[in-house]
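Scroll down for the structure; my scribbles are underneath it.
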Amino acid sequence: MASSFTLSDVPRIAPAYTPSNRLPIHSEDDYPAFYQKSIEDIGQYWAGVAGELEWTTPWTETLKGEPAHFEFFKNGRINVSTNCIDRHARRNPNRKALIGISETGEERVWTYEELLDQTARMASFLHQEGIRAGDVVAIFLPNLLETFAAVHACYRIGAIYNIIFSGFSPEALYDRLADTHARIIITADATYRRGRLIPLKQTLDQIVERVPSVERVVVVRRAQSAVEMKAPRDLFWHEVLADVKTRQEPVPMEANQPGFIIYTSGTTSKPKGLVHSAAGFLVGVYHNVKMTLDLGDEDVYWCTADTGWLTFPIFELVGALAHGATAIVYEGAMDYPTPAHFYQLLARHHVTKIFTAPTWLRMLARFGESLARDYPLPDLKLIGLVGEPLDASTWYWVRQHVGSGQVDINNTYGQTETGSAWVSGIAGVNAMKPGSCGPALPGHAYEVVDDAGVSLEANRPGTLVVAKPFPTLARTIWNNPERYQDQYFTQFSGRYNTFDTAAHDQDGHIWVLGRIDDVINVAAHRLSTMEMESAILELPGVAEAAVIGFDDVIKGQVPIVFVTLREASLKGENWIEKVQEQVSRQIGSIARPSQVFVVDAMPKTRSGKIVRRLLKEIVTTGEVKGDITGMENPEIVDTLVEQIKAGSPGE
Ligand code: PRX
């Protein structure tokens, strides 16, 4: 592959964080041997991790089968809600489990005992309704305390929950409900975002009659907004709980039973419902959160993701509770009503660790140094990230300006399919290299391979594949097991294809260069859009950068660049030339962008990814035809189209 690809000589930066004695290793010198042992006997490694949790029946076989058909902890019985809630409520009932904060300023706290009570009574209701192991309950909720009780109520009785992003359009919602045949839907009347009330029940009402499987809709009364309730199908959450006095005992589930379904979009086809096992997910995310964040019951922790994206189940719904942390659950936009709001919340709640997306750190950089200076945040120790490339410039900006120099940044890599962020430094142990995602976590075997599936040596980019199963790897696609096998495990004979391009360096750090589709081919040179974006972000004044490949008769493809600036007053500068020169200098003249657009804002998903596909569509067709209802900022699309059509470099 690309001769043009070079891993820049990135310094290894020793972490500022001191790991607790919860972690199995404390020095980077011990990592290679520890990792090697963990992947030589995967079963034994994961048995050790699983043994830290509470099982009702021990397993008889740790690992059976090969991808795509494998089982972990066979015949073992366990309940996820017991491990995430009861365990802590028993020991420390009054410890705060959840601090629910809304952008409206409202705050609510649930202790572990209160969370247990809500969960166990909601589970009792579901059971009364005839919901049993294997039945599907749809969760169409924003980030609320009730979301935790709803999810764990399902875990308690072995119901399969399908978590659905609350920003989806009625049609996107319909597709999911119709595919899973959900019997009960748990939703809210509405939710707040950026000062607006977003209706949820109304969205559901537009399509629910078309889903015959739905017997019951439970509505959390969030905003006291007027909602139509159809009797006897629709019930309010608080009314349901007022009538249910009994607490459902947890039902121990065999370790390979499905826990939940989460849909993810394919690039070309309909969204697929990935099925994660209940126990495997618990064991894997318990491990992920332990290694990545060293989370414990002394931590006040905030995962800023939205409920509808897998980051939230991993790092908050299951992962945070499995470690007995106090978790902040935030509803709304983090920079609403002011950019200072985020810093204020971190300071007020003495937050020790956060998990977020790179885009949010770029926003903080955009808000500026002086705002960061106003909040020294002495309690904050660690920021974990997932979801898209983190450029080195932002890494350094955060390290220098957020907190008082003590905050570490742990950039991790994972996918909805892998069910955990399996590439990640161990907190306070592995050195960090700005721009990389760190080494693979123990228990995760991988390779970087060429198109023929041959393993590549260090520093050579290829496709990242998973070589051996691990507990959080999705088990199948709902209603379509053949597709799971064909799509992910066929090209590289039994190894799981991530469809990401990556390279690992001589120190075992993994550099994710983007989706295979994001690698563009200029005159037979494969160039990484991520590498170009990182180079552009080094230019002072640039806040965000996105690169797309555009078809060109001569070169095959040429790079086109979009940037947003830290301040509007910078627009007058000659950005075309600056960006072109920067890319030529850092990567080579072959990568010189053919066009550069300065835009006011990037189109983004609610999980913070820049929607490059949409930028491409505008450049190619001059308009946007696709569904944009799930976007974070659909209102910017018209301006974006105008700015791109005008071909304006921003003057
Ligand atoms: O391309 C990779 C990118 O995000 C994709 C996975 O997206 P999603 O399924 O929404 O992730 C859920 C996270 C649990 C990957 O295939 N990606 C994720 N993390 C990184 C990344 N790209 C670069 N650097 C990362 N740290």
Side-chain angles (χ1 to χ4, degrees), residues 163 165 260 262-267 271-274 276 281 284-285 288-289 292 303-319 355-362 383-392 394-395 409-425 432-441 444 446 461 463-466 470 472-474 477 487-488 496-504 509-519 528-534 537 546-547 604-613 630 632:
I163 201 138
F165 171 48
F260 69 100
I262 184 161
Y263 284 78
T264 187
S265 307
T267 37
K272 35 189 187 288
L274 290 153
H276 285 285
F281 189 75
V285 306
N288 192 173
V289 168
T292 299
C303 168
T304 71
D306 191 280
T307 295
W309 308 108
L310 189 66
T311 305
F312 203 71
I314 300 174
F315 284 98
E316 184 109 346
L317 281 167
V318 177
F355 200 88
T356 187
T359 182
W360 179 245
L361 299 189
R362 286 193 279 273
I383 303 178
L385 301 161
V386 78
E388 49 163 4
L390 172 68
D391 54 285
T394 303
W395 196 99
I409 303 144
N410 205 353
N411 180 30
T412 75
Y413 161 89
Q415 300 178 298
T416 307
E417 292 87 340
T418 62
S420 59
W422 61 278
V423 180
S424 159
M432 305 200 185
K433 293 191 184 189
S436 104
C437 301
L441 285 177
H444 299 85
Y446 74 94
T463 301
L464 183 61
V465 300
V466 168
F470 47 81
T472 58
L473 192 59
I477 293 177
Q487 180 157 354
Y488 296 108
Y496 164 84
N497 188 348
T498 65
F499 294 96
D500 279 312
T501 306
H504 54 155
H509 278 239
I510 297 175
W511 298 74
V512 176
L513 305 170
R515 301 293 294 161
I516 286 175
D517 309 345
D518 289 344
V519 173
S528 150
T529 52
M530 178 253 180
E531 204 187 4
M532 278 187 244
E533 288 166 8
S534 295
L537 284 163
V547 176
K604 290 203 188 131
T605 64
R606 284 273 283 272
S607 62
K609 290 187 213 283
I610 297 176
V611 192
R612 292 172 179 77
R613 155 187 72 71
E632 159 71 20

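In listed order, ligands and their atoms are each counted from 1. Numbers for residues simply follow the sequence, beginning at 1. Since we're looking at a predicted model, the values are computed, not measured.
In this structure, atom 23 (C) of ligand 1 lies nearest to the protein heavy atom Pro389 N, 3.2 Å. Protein heavy atom closest to atom 12 (C) of ligand 1, with residue, atom name and distance, is Thr416 N, 3.8 Å. With respect to atom 20 (C) of ligand 1, the closest heavy atom belonging to the protein is Glu388 N, 3.5 Å. For atom 11 (O) of ligand 1, the nearest non-hydrogen atom of the protein is Gly414 O, 3.6 Å.
Across Cys437 and Val423, no two heavy atoms sit closer than the pair O-CG1, 3.4 Å.
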* To do: Please assess Val289 against Phe315 for the test side chain to side chain contact (heavy atoms under 4.5 Å, CB included), listing each intermediate value before the final yes or no.
  => CA-CA 7 Å; Val289 168; Phe315 284 98; 3.7 Å; yes
* Between Thr472 and Asn288, is a side chain to side chain contact (heavy atoms under 4.5 Å, CB included) present by the stated rule, with each step listed? -> CA-CA 10 Å; Thr472 58; Asn288 192 173; over 6 Å; no
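The option from Leu274, Val423, Asp500 that lies nearest to atom 1 (O) of ligand 1, judged by heavy atoms, is Asp500. Counting heavy atoms only, Thr412 comes closest to atom 26 (N) of ligand 1 of the residues Thr412, Ile510, Val386.
When Leu464, Val465, Thr418 are each tested for a side-chain contact (heavy atoms from CB on, under 4.5 Å) with Tyr496, only one passes: Thr418.
Of all atoms in ligand 1, listed by their number and element, those nearer than 4.0 Å to a heavy atom of Cys437 are 24 (N), 25 (C), 26 (N). Listed by number with element, the atoms of ligand 1 under 4.0 angstrom from any heavy atom of Asn411 are 26 (N). Heavy-atom proximity to Val512, at under 4.0 Å, picks out these atoms of ligand 1: 22 (N), 23 (C).
Counting heavy atoms under 4.0 Å from ligand 1, residue Lys609 touches it through the side chain alone. Contacts of Gln415 with ligand 1, taken as heavy-atom pairs under 4.0 Å, involve both backbone and side chain.
A salt bridge does not link Glu388 with Lys604: none of the charged nitrogens is closer than 4.0 Å to a carboxylate oxygen.
At under 3.5 Å, not a single nitrogen or oxygen of Thr264, backbone or side chain, sits near a nitrogen or oxygen of ligand 1. Among the atoms of Gly387, some N or O lies under 3.5 angstrom from an N or O of ligand 1.
Side-chain atoms of Ser424 and Thr292 form a donor-acceptor pair, as typed in the model, at a separation below 3.5 Å.
Without hydrogens or angle criteria, Asn411 side chain to Gly438 main chain gives no donor-acceptor distance under 3.5 Å.
Using a 4.5 Å heavy-atom threshold, the side chains of Leu310 and Thr264 count as separate. Residues Glu533 and Arg612 form a side-chain contact, since some pair of their non-hydrogen atoms from C-beta on lies under 4.5 Å apart.
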